[in-house]
Colleague: 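Would you mind keeping the following structure in view while I ask a few things?
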Amino acid sequence: MLKTTVIGGILFLVPFGILLLVLHEVLLLALLIVDPIASLFPKDDYWGISLAVTLAVLLILVVCFVAGLAARHAAFSGVSA
C-alpha cells in the first residue's frame, strides 16, 4: 500500500513540476520581450510586482487568447489533435 501511494504521489507531482518549469521558462521569455518596453516607464513597483512582470503576464494572456481564437477558427480546426 505504501508503494502505490508513493508511486501515485510521484505520478501526480511530476507533471505539476514540469508544468511549473515550462511556465517559468515562458515567463522568462516574455520578460525578455517586454523589458525594452518596461524600461521606458518609471521603475516603481506596486505590491512587489514590477511593471515588466505585469506586462509579461499580460503578453502571455494575450498570446493564449489569440491561440484560442485561432483554434476555434475553421481554418485551424484540422490542426489541433
Colleague: Could you tell me whether the side chain of Leu28 reaches within less than 4.5 Å of the side chain of Leu32, counting heavy atoms only?
Modeller: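 No, every pair of side-chain atoms sits at 4.5 Å or beyond.
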Colleague: So which heavy atom on Val34 is nearest to which on Leu59, and how close?
Modeller: CG1-CD2, 4.0 Å
Colleague: What distance separates Leu23 CG from Ile18 CD1, expressed to the nearest 0.5 Å?
Modeller: 12.0 Å
Colleague: Looking at every non-hydrogen atom in both residues, tell me the closest pair between Ile33 and Pro36 and how far apart they are.
Modeller: O-CD, 3.4 Å
Colleague: Is it possible for you to say whether Val57 and Val22 belong to one hydrophobic cluster, with membership spreading through side-chain heavy-atom contacts below 4.5 Å?
Modeller: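 Yes.
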Colleague: Write down the atom of Leu27, the atom of Ala56, and the distance for their closest heavy-atom approach.
Modeller: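 Leu27 and Ala56 have their closest heavy atoms at CD1-CB, 3.9 Å.
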Colleague: Do Ile37 and Val62 sit in one hydrophobic cluster, given that two such residues count as connected whenever their side-chain heavy atoms are within less than 4.5 Å of each other, even indirectly?
Modeller: no
Colleague: My understanding is that only one of Leu21, Ile60, Val63 makes a side chain to side chain contact (heavy atoms under 4.5 Å, CB included) with Val26; could you say which?
Modeller: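 Single pass found, and it is Ile60.
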Colleague: Same cluster or not: Leu19 versus Ile10, using hydrophobic residues (I, L, V, M, F, W, Y) connected whenever any side-chain heavy atoms lie under 4.5 Å apart?
Modeller: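 No.
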Colleague: Leu61, Leu31: one ILVMFWY side-chain cluster at the under-4.5 Å cut-off?
Modeller: yes
